[in-house]
Amino acid sequence: MCGLLGMICATETAAVAARVSVASALRCQRHRGPDESDTWADAEVVFGFNRLGFIDLEHSHQPLVWGPPDAPERYTMVFNGEIYNYRELRTVLAATFGTAFNTDGDGEAIVAAYHHLGAEAVKKLRGMFAFLIWDSHEKVVFGARDQFGIKPLFYSAGPGGVAFASEKKSLLELSGLLGVPEELDRTALQHYLVLQYVPEPESLHTGIRRVESGTSFQIAPGGPVEFTRYFRPQFTAKPIHGEAEARALHERIADVLRGSVAKHMISDPDVTVGAFLSGGIDSTATATLAKEHNPNLIAFTAGFEREGYSEVDVAAESAAAIGVQHVVRTVSAEEMMEALPLIVWYLDDPVADPSLVPLWFIAREARKHVKAVLSGEGADELFGGYTIYREPISLAPFERVPGGVRRLIGKVSKKIPEGTRGKDLLRRGALPLEDRYYGNARNFRDDQLRAVLKTYSDGVGFTDVTAPWYEVSRGWDPVARMQHVDLYTWLRGDILAKADKVTMANSLELRVPFLDTEVFKIAASIPLDQKLASGTTKYALRRALADIIPPHVLNRPKLGFPVPIRLWLRDEMYGWARDVIADSKTDELLDKRAVLGMLDEHKTGKYDRSRQLWAVLMFMLWHGIFVEHRITPEIPEPVYPVKL
C-alpha cells in the first residue's frame, strides 16, 4: 500500500524541473507510505513513490525497474495496492512464457503480465490497485485503476505535461509546472451538495480529474491520455427454483467469501492484519472468517456516548462470540470539531458523510496495533443491503397508474406543506426510477439548493451523473439498476473515497474482501427474491452466513454507521457551526444568511437540516484550506509502533 506520483513531461525543460518538483510533491502524501520513499527519472518521465510494505519487504522496492532478459530495464513501474492472485499469475506466466522473477512481490507480476499480455493484463488482476508503467522502448505509459475504485488515482494535464497521483494535493503542488490553473469547479460543487460527494471523474478543481474505476489508459509524452473501460459489471440474475438450488447458491456465496477473506489476509509473517467490527453482518463476517487465518485477530470498533448512536455493545458481544481481542474508541463532539480541519485536508475533496470522522479515530487507534485491517465495504451494493432498495416494492402501485395521473400526483405533492407525512412518498412515486434515484445519498432538492447556492444552474443535475449508467442497465429489474448506479456513484464516491483517505491518513491499509471480482460474479447472479425476502435485505447473504456469524447479528436491521450529528448541531456543535459559517469566505458561492437560517431551523427542531448543513460545513472547511488558505492544519509526521 503506497502513494504514487508520476509525470509524463511535454518538454525537456519540464522534465528537468519535474525531478525536483516530484520529489517535493511526494511529501504531501508521505502518510501513504512511510516505510520508504524514492524517485526515478529519465528524459521524459519522472516517477515518485512512498511505500507502506506488506509483501517481500526486503526486495520489492519501487519504482520497480523490470524487463525480459534481452532488455532488463525496459519497464519502470509505480504501483499502489495489493494483487491477491499474484502467486497464481506468476505461476501462469512462468509456465506459459518462461518468465523469471527477481522478487517475491506482487508488483512484479503486474509488469511481467503487461509485457506478455499488453493491456489485457489488467483483466487478470484480482485485487485493489492503481499503477503506472513506463515502456522505454515504445515510449508510452500504461496505467489502470482497479475494477471497483478501491484505490484512488487523480490526474492533471497542461502544457507542461500530464501527472498522475494517489493524492490530489500532490497534483496541486505541480500545478505551476503543468501550467494548470487552480480554479474551483462550480459544476462539481453543485453535484457535491446534492450527492454529498464529488462524483467521478470530477474533482472540485477544474484542472484535476480522476481516473475512473475499472479504467485503463495510455499516454505518450506530449500526447493526450487515451482511456479504455475494461470492467463493465452487469447484474444478470439467474432464477432459483426450489430449496435445493437456493441452498446451493448460499453455499457458493459462503465458499467464495471464505476464499476472498483468505486472499485478503496475505502478508509477510511479521505484518499483522486486523479487522474493523461494527454491529452489522458484513464486518462480523469478515472478522469471523479472518480469525480462521489469524487466531490472535484484533477487532476495532468506534462509538459515541449517546444512546442509540453506538454499536459498541453489539460489537463487543460479537467479538466475545468470535473469540477475538476487542479495541474500542469512543469519540466526542469536542474531538470531532478539533480534528475536522486535519481530516478534510487528508480527504482532498469534501465528503459529507459524518461516519468518516469516527472511522478516522478508530483507524488511528488500530494503527497502534496492526498495519492492515479488513472491513465490510461493498456488501450492500453487491448483495442488496440498503433499505432504499425496497422502495420499488413500496412504489409498485404507482407503476400501474397512467402517466398523466402520475404527473398530477407529482404536482399535488408540491402543494403539500414540507414535513407533512406522505409528501415525499407521493413526490417520488410520481417519478420514474431514473428521475428519482441518484444513489444512496439524498440531500438537497433543486428548490432547496437554489436558496443556498448562488451559482446554482438549472442545466446541472444528478442525471448528468446517473444517466449513462441507467442507459447500460435498461431491461434489468429496478433493484439491480439501483445497485448498478450505486457501484458508480455512492460506492466509489463516498464509501471507498472516505475509507481509503482516512485509513491511509494513519498509514493503515484497508482491505475489502466483498469487493472482489470472484465475489461479484456470484453476487451479480442473485435474483431479486434472494436479495429482498422475508421482510429483510441481503437475504441470500444472511442465509449464506447463518452458520458462520453469531446469531444475534444475523437478522439485525441495518443501522449504517450512526453519528449523532443531528443532535450535536443543535447542542454541542451549534456554536462551532455558526463560527465556521461566519468565518468562511464563500460569499460569492453560498448565501450565508440562508445557511444560518437552516442552522437555526435545525436548532429549534422545526426541520432536520443536519445532512444539508453537514455538506455545507464540510465544503466551507475545504474552501478555507484549499482555496482561501486561511485554515492551515498542522500535518503530523507519521508515528508508528516500534514493532509491528
Side-chain angles (χ1 to χ4, degrees), residues 195-196 233 235-240 246 249-250 253 278-283 285 311 353 355 376-401 406 409-410 413 421-443 445 462 466 469-470 473-491 494-495 514 522-546 553-562 608 611:
L195 301 172
Q196 302 181 82
F235 288 88
T236 51
K238 298 179 181 178
I240 297 296
L249 170 65
H250 304 156
I253 293 172
S278 69
I281 67 171
D282 309 329
S283 65
E311 295 186 303
D353 186 340
S355 68
E377 278 83 356
D380 291 313
E381 288 81 4
L382 266 62
F383 289 93
Y386 292 122
T387 304
I388 190 66
Y389 291 160
R390 299 187 61 82
E391 186 182 68
I393 298 174
S394 63
L395 296 182
F398 288 93
E399 298 296 328
R400 296 189 289 271
V401 175
R406 287 182 71 177
I409 292 173
S413 71
R421 186 180 179 87
K423 173 183 173 70
D424 197 52
L425 177 68
L426 292 176
R427 181 183 67 83
R428 293 178 67 77
L431 298 172
L433 178 65
E434 294 88 341
D435 292 337
R436 71 171 185 264
Y437 187 71
Y438 49 84
N440 199 45
R442 290 190 287 181
N443 207 18
R445 297 197 310 268
F462 70 84
T466 59
W469 310 119
Y470 274 124
S473 67
R474 285 187 182 277
W476 300 4
D477 74 71
V479 174
R481 302 188 79 193
M482 294 166 78
Q483 290 175 270
H484 186 254
V485 164
D486 276 342
L487 283 182
Y488 288 105
T489 55
W490 177 252
L491 177 67
D494 179 294
I495 300 294
F514 281 98
I522 298 295
S525 72
I526 298 174
L528 179 58
D529 61 2
Q530 286 286 320
K531 297 173 189 175
L532 308 174
S534 300
T536 189
T537 58
K538 287 188 290 201
Y539 177 78
L541 181 62
R542 294 177 193 275
R543 299 282 65 78
L545 297 173
V553 174
L554 192 61
N555 293 308
R556 288 189 77 233
K558 182 173 181 59
L559 296 179
F561 199 150
D608 179 1
R611 294 181 70 176

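Smallest separation of non-hydrogen atoms from Ser534 and Tyr539: OG-CE1, 3.7 Å. The two residues Leu426 and Ser413 come nearest to each other via the heavy atoms CB-CB, 3.9 Å. Scanning all heavy atoms of the two residues, the minimum distance from Gly439 to Thr489 falls at CA-OG1, 3.9 Å.
Distance CG/Leu395 to CG/Leu425: 6.0 Å, rounded to 0.5 Å. The line from CG of Leu528 to CD1 of Ile240 is 12.5 Å long, rounded to the nearest 0.5 Å. For the atom pair Lys538 NZ and Leu382 CG, the distance stands at 10.5 Å (nearest 0.5 Å). The CZ atom of Arg427 lies 5.5 Å from the CZ atom of Arg445; values are rounded to the nearest 0.5 Å. Between atom CD1 of residue Ile495 and atom CD of residue Glu377 there is a gap of 6.5 Å, rounded to the nearest 0.5 Å. Taken from CD1 in Ile253 to CZ in Phe383, the straight-line distance is 5.0 Å, to the nearest 0.5 Å.
No side-chain donor-acceptor contact under 3.5 Å links Arg406 to the backbone of Arg400. With hydrogens and angles disregarded, a donor-acceptor distance shorter than 3.5 Å links the side chain of Ser278 to the backbone of Gly280. Remark: the backbone N or O of Gln483 is not paired with any side-chain donor or acceptor of Glu381 at under 3.5 angstrom. Put simply, the side chain of Arg436 gets close to the backbone of Leu431: a donor and an acceptor are under 3.5 Å apart. With Ser525 contributing its side chain and Lys238 its backbone, the two residues share no donor-acceptor pair below 3.5 Å.
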**Message:** Run the side chain to side chain contact (heavy atoms under 4.5 Å, CB included) test on Ile388 and Tyr437 for me, step by step, so that the C-alpha distance in whole Å, both residues' side-chain angles and the decisive distance to 0.1 Å come before the verdict.
**Reply:** CA-CA 9 Å; Ile388 190 66; Tyr437 187 71; 3.8 Å; yes

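At least one side-chain heavy atom of Leu554 sits less than 4.5 Å from a side-chain heavy atom of Arg543. Between Thr537 and Arg542 the shortest side-chain heavy-atom distance falls below 4.5 Å. Put simply, the side chain of Ile409 reaches to within 4.5 Å of the side chain of Phe398, judged on heavy atoms. With contacts defined as side-chain heavy-atom distances shorter than 4.5 Å, the pair Asp380/Asp486 does not qualify. Residues Leu532 and Ile393 meet the side-chain proximity criterion, which asks for heavy atoms closer than 4.5 Å.
For the ring pair (Phe, Tyr, Trp, His ring centres under 6.0 Å) with Tyr438, the qualifying choice from Phe462, Trp469, Trp490, Tyr488 is Phe462, the only one to do so.
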Would you list the atom pairs, donor with acceptor, under 3.5 Å between side chains in residues 475-482 and any protein atom, with sequence neighbours excluded?
unit_1: Asp477; atom_1: OD1; unit_2: Val479; atom_2: N; d: 2.9
unit_1: Asp477; atom_1: OD1; unit_2: Ala480; atom_2: N; d: 2.8
unit_1: Arg481; atom_1: NE; unit_2: Ser473; atom_2: O; d: 3.2
unit_1: Arg481; atom_1: NE; unit_2: Ser473; atom_2: OG; d: 2.9
unit_1: Arg481; atom_1: NH1; unit_2: Glu434; atom_2: OE2; d: 2.9
unit_1: Arg481; atom_1: NH2; unit_2: Glu434; atom_2: OE2; d: 3.3
unit_1: Arg481; atom_1: NH2; unit_2: Tyr470; atom_2: O; d: 2.8

